[in-house]
Amino acid sequence: QVQLVESGGGLVQVGGSLRLSCAASGRTFSGSAMGWFRQHPGKEREFVAAISRAGGRTYYANSVKGRFAISRDNAQNTVYLQMNSLKPEDTAAYYCARARNSGGATTSAVYDYWGQGTQVTVSS
């Protein structure tokens, strides 16, 4: 069983920054790619960023490219999402997830474990 616990969400002004963390339990963390997704109210969950198991490859949604950065610390079983230059449209619930593969993926179907989510609200 894998448990994922997100933290770091909150209220921030436009242009501000937040860093989300996702702490994972289980021995398979370092062998799996990890990803971040978000869900706006009334909409489907969408891909934000993903990172391969060793951190050598990263993937981003076009809407966050250049503003967000995903990273991981396998010694700490933690994946991060640094979010800069935040916009009102970044307001959403953010979820981390563990992929079934090691290379990373942009589609939610590849992910088998999900956290409970953390809310990010960007105020204008």
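Note that these values count all heavy atoms, side chains included, but never hydrogens, waters or copies made by symmetry. In this chain, residues are counted from 1 in sequence order.
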- Query: Is the side chain of Ser52 donor-acceptor paired with the backbone N or O of Gly103 at a distance under 3.5 Å, no angle test?
  - Reply: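 Pair absent, no side-chain N/O of Ser52 close to backbone of Gly103.
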How about [X] and [Y]: do any of their side-chain heavy atoms sit closer than 4.5 Å?
X	Y	answer
Gln1	Tyr113	yes
Val2	Phe29	no
Thr121	Val12	no
Leu11	Ser123	yes

- Contacts of Ser17 meeting side-chain hydrogen bond (donor to acceptor under 3.5 Å, both in side chains) (sequence neighbours excluded), chain-then-number -> Asn84
- Task: Could you tell me which residues satisfy side-chain hydrogen bond (donor to acceptor under 3.5 Å, both in side chains) with Lys87, sequence neighbours excluded, listed by chain and number?
- Result: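 Partners of Lys87 by the side-chain hydrogen bond (donor to acceptor under 3.5 Å, both in side chains) criterion come out as none, since no residue qualifies.
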- Message: Strictly by ring-ring contact (aromatic ring centres under 6.0 Å, His included), give each pair with a member in residues 44-66 just once, sequence neighbours left out.
- Response: Phe37-Phe47
- Other cluster members, Tyr80 - Ile/Leu/Val/Met/Phe/Trp/Tyr, side-chain contacts below 4.5 Å: none
To the nearest 0.5 Å, what is the distance between [atom1] on [X] and [atom2] on [Y]?
X	Y	atom1	atom2	result
Gln39	Glu46	CD	CD	9.5 Å
Ser32	Ile51	OG	CD1	13.0 Å
Met83	Ile70	CE	CD1	12.0 Å

What are the two closest non-hydrogen atoms of [X] and [Y], and how far apart are they?
X	Y	answer
Gln116	Leu4	OE1-O, 3.5 Å
Ala50	Ala105	CB-O, 3.5 Å
Leu20	Gly9	CD2-N, 3.6 Å
Tyr111	Ala99	CD2-N, 3.4 Å

- Message: Suppose the criterion is salt bridge (charged side-chain N to carboxylate O under 4.0 Å, His left out): which pairs have a residue in residues 47-64, not counting sequence neighbours?
- Response: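 Output for this query is empty, none listed.
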- Would you list the pairs meeting salt bridge (charged side-chain N to carboxylate O under 4.0 Å, His left out) in which at least one residue belongs to residues 2-15, sequence neighbours left out? none
- What pairs of residues pass the side-chain hydrogen bond (donor to acceptor under 3.5 Å, both in side chains) test when at least one of them lies in residues 69-78, not counting sequence neighbours? Arg72-Asn74
- Going by the side-chain hydrogen bond (donor to acceptor under 3.5 Å, both in side chains) test, which pairs reach into residues 90-102, not counting sequence neighbours? Thr28-Arg98, Arg38-Asp90, Arg38-Tyr94, Arg67-Asp90, Arg98-Asp112
- Sort and list the pairs that fulfil disulfide bond (SG atoms under 2.5 Å apart) and have at least one residue in residues 18-124, not counting sequence neighbours. Cys22-Cys96
- Does atom CD of Gln119 have more than 12 heavy-atom neighbours from other groups under 6.0 Å away?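 More than 12 heavy atoms, drawn from other residues, nucleotides or ligands, come within 6.0 Å of this atom.
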- Query: Heavy-atom count around Glu89 CD within 6.0 Å, excluding the residue itself: above 12?
  - Reply: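 Enclosed: over 12 neighbouring heavy atoms sit under 6.0 Å from CD of Glu89.
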